[in-house]
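Have a look at the structure below before the remarks.
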There are 2 protein chains.
Amino acid sequence: MPDDQKNLTIYKIAELSGVSVSTISRVINNSPYVSAKTKAHVTDIINKYHFSPSSVARAMNSNHTQTLGVIVSDITNPYFSELYLEIQRYAVDFGYSIILCNTFYGGSNHGVSDAIPEKTYFQMMLDKKVDGVLILGGEIDRDTISDSYKEALNRMGRQIPVVILGQSVPDCSCTFLNRNISGGISALIHHLLALGRRRIGFVGGEEGIRTTTARLAAFTQTLKNLAISFDPSLISLSNYYAPDGYRAMAKLLEQTETTPSAIICINDAVAQGAIRAIVDKGLRVPEDISVVSCDQFPSGEYTCPRLTTLDQQNSYLGRMSIMTLISAINHDSEGINISHEPHLIIRESCGARLGFQFER
Amino acid sequence: MPDDQKNLTIYKIAELSGVSVSTISRVINNSPYVSAKTKAHVTDIINKYHFSPSSVARAMNSNHTQTLGVIVSDITNPYFSELYLEIQRYAVDFGYSIILCNTFYGGSNHGVSDAIPEKTYFQMMLDKKVDGVLILGGEIDRDTISDSYKEALNRMGRQIPVVILGQSVPDCSCTFLNRNISGGISALIHHLLALGRRRIGFVGGEEGIRTTTARLAAFTQTLKNLAISFDPSLISLSNYYAPDGYRAMAKLLEQTETTPSAIICINDAVAQGAIRAIVDKGLRVPEDISVVSCDQFPSGEYTCPRLTTLDQQNSYLGRMSIMTLISAINHDSEGINISHEPHLIIRESCGARLGFQFER
DNA sequence: CTTTTTCATGGTATCGGTATCAAAGCCATT
DNA sequence: AATGGCTTTGATACCGATACCATGAAAAAG
């Protein structure tokens, strides 16, 4: 049986075919400078032995590896995994494979405590000679970025294309895709006001993280513009997961004197935790408190009650991220403007679809 | 400023240091055959220019890339992402990076239709010369495995270590970690019976997939052993996500004449969908129907009601998977026996923790 | 029928490291 | 001073592809 062997090289195929390595290379790369006869013969041998050229050797003198690095803080977070799905799809289409780097930064509740510094991954990306790096979240999302982090990031950015999904940081040798982080908050508030909710709280997210800071700023600003009194005891931050939402909501209910009539959560996981905390206090959603969220997760359509939330168009963001990176690698373009406007998904947790109209 | 440059090689460092490349290589690899003085000098230059050796060139003659391939069907599925987290953690500890391969096989509801054949990824893994491959799920989980798939899998298995988390398939040149797929079903049924539930249905999972087939078999077998009548109209399969749970549950409620008193779901996402379907029919969980699940997801603790479910010890499985693969690469051992017993987490959706005791 | 052009093929340097071998320098011993 | 052993260093083949140049054969042009 003409079986495949380990460590088949172009030299062995040349030997088996009775031609030179140059010819084998030509056949592999579909060069026109091979006779039909030779090509057919070599192709037969290649198929027979299931030969396929080593990407490592190819990378050696082409200086590109057809590999991309993707850095995320936590792939169990639906926000990141949804982005990843889209990225993976396009990467394969364009012939790239992806090295996924999970930094464990930002602490989910998964029992893993120590984060892997992004600097470690930056160096790894450089050593592995990936063709480009995509950063979806992590240390770059901090309000204040340390000099040493920035230095490491810039060192990488000077050597290979780096695309960052988030919001621009000054003096970075990277391409930024500016997410409209705070968009939609105003729509959320207006929707709640229209339902008769005026005492609105904000739950979840982490202090010092740009998403949280920006959304919180949009929250307070919108209230101010509408001349609605702002009560700091209605704000309770923690983190981005269901247990955090539970904890933050429970804390909010304890620290405030008057129960809020509505809560805006940083994302659907937090909203789920918050609802659970409200229910555990013997209150009802949406009858007593309306709960809405800023970032749609797939599960939000199946909770009790279903979540009113914002669609951040994550598939679109994922697609734009990978396309921008590939463009940067091919020097096709110099930065792409993305325009995504979060849009309101009205379901049950605000009360609207259940026909409630509240008075206060 | 002594700044770093692009494409720094060992040759340039040799030139800058005034020694030979051999010496640079020795310094990098901590060889004892370098004088302290030379070592210090070269180290200074390396640090000054931020030189780090190319992994590609190293792979060229060491024949290992310090890279692993991980193949999953859908990383947005918490089962896979939880496994991945553990795998990533240990991989980095042992100096490996991970190429993640998402096959889109098994259709979630994410709008992506066409799966990427695993064969495509197998070839990619071979070409990229990864040191080992870990398959967490996908085509291997089918009840019947096609010859062409098996052939491609075996070809890969003969060249590099391949570890598969699931259940053994005959005549495969891979190491299997046999998950106890059907374990815990019996515990679930006994728990429901103790609560007074006898008319038990099964919801979710996909026909022709081993997890589903095995759990369904354990389900019917346990009922048979207990001499409980088995009603095929109480079984409704679909897939592994919340929308599938919703759909399957709605269908079950339509197709059966007598409403079931309990439902066992394939996992927590499906359970969430099923609960939603039950509630939409105007029934209550757990008062009218108890709902339990076979596979714990983190969100299950924050649903309304909280889910009674089985802990499959996914962290343990992830850890064993990566450790087994690394052992196989190092020829340290020949297969590891894993012992994980799913254990029952009693919460609200069955009724037990809410103090219900049902009669029938 | 010779010369020129085109086509097909082979030989070899190269990418950036590591491994192996050879050799030079240094010190102590005889 | 010559010898031997140890430390330290340098030169070069090699890993598996591709790129470039050279060459031989066949076809077209003179």
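Everything numeric here is computed off the predicted structure, so don't read it as measured data. Per chain, numbering begins at 1; letters A, B, ... match sequence-line order.
- The residue B:Thr23 sits close only to the backbone: its heavy atoms come under 4.0 Å of sugar-phosphate atoms, none of a base.
- Taking side-chain N and O atoms only, B:Ser35 has no distance below 4.0 Å to OP1 or OP2 of D:dT8.
- Phosphate contact (OP1/OP2 of C:dA8, side-chain N/O of A:Thr38, threshold under 4.0 Å): absent.
- Annotation: of the two residues near DNA chain D, A:Ser25 and B:Pro32, the 5′-most nearest-nucleotide partner is B:Pro32.
- Considering only side-chain N and O atoms, B:Arg26 lies nowhere under 4.0 angstrom from the phosphate OP1 or OP2 of D:dT8.
- Closest contact between the side chain of B:Tyr33 and the listed nucleotides D:dA17, D:dT9, D:dG10 involves D:dT9.
- Distance CG (A:Asn63) to C1' (D:dA19): 14 Å, rounded to an integer number of Å.
- One atom, NE2 of A:His41, and another, P of C:dT9, lie 12 Å apart when rounded to the nearest Å.
- Checking B:Lys39 against B:Lys129, the closest nucleotide of DNA chain D that is more toward the 5' end is the one next to B:Lys39.
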Does the pair A:Ser52 and B:Gln123 meet the rule for a side chain to side chain donor-acceptor pair (under 3.5 Å), with working shown? CA-CA 8 Å; A:Ser52 184; B:Gln123 191 58 56; 3.3 Å; yes
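- Contact check, B:Ser62 against C:dT18: no side-chain N or O comes under 4.0 Å of OP1 or OP2.
- Using a 4.0 Å heavy-atom distance criterion, B:Asn29 is classed as a sugar-phosphate-only contact.
- Under the side-chain hydrogen bond (donor to acceptor under 3.5 Å, both in side chains) criterion, B:Lys119 pairs with no residue at all, not counting sequence neighbours.
- In this structure, of D:dA11, C:dT9, C:dT18, it is D:dA11 that holds the atom nearest to the side chain of B:Ser22.
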For a quick test of your reading: what N or O donor-acceptor pairs under 3.5 Å do the side chains of residues 167-174 of chain A make, sequence neighbours left out?
| residue | atom | partner | partner atom | Å |
| --- | --- | --- | --- | --- |
| A:Gln167 | NE2 | A:Arg179 | O | 3.3 |
| A:Ser168 | OG | A:Asn178 | OD1 | 2.9 |
| A:Ser168 | OG | A:Asn178 | ND2 | 3.3 |
| A:Ser173 | OG | A:Asn154 | O | 3.2 |
| A:Ser173 | OG | A:Asn154 | OD1 | 3.1 |

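- Within 4.0 Å (heavy atoms only), A:Val56 reaches no atom of the nucleic acid at all.
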For a side chain to side chain donor-acceptor pair (under 3.5 Å) check, start with the C-alpha distance between A:Lys128 and B:Ser97, then their side-chain angles and the critical distance, and finish with the verdict. CA-CA 9 Å; A:Lys128 296 253 161 143; B:Ser97 42; 2.5 Å; yes
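- Of the candidates C:dG16, C:dG17, D:dA17, the closest approach to any side-chain atom of B:Ile10 belongs to C:dG17.
- Comment: B:Glu139 engages B:Arg142 in a salt bridge, judged by a side-chain N to carboxylate O separation of less than 4.0 angstrom.
- Between A:Tyr11 atom OH and D:dC15 atom C1' there is a gap of 9 Å when expressed in whole angstrom units.
- For D:dG10, one of the phosphate oxygens OP1 or OP2 lies less than 4.0 angstrom from a side-chain nitrogen or oxygen of B:Ser20.
- Closest to the side chain of B:Asn61, out of D:dG10, C:dT12, C:dG17, is C:dG17.
- A:Ser54 comes within 4.0 angstrom of the backbone, heavy atoms only, and of no base.
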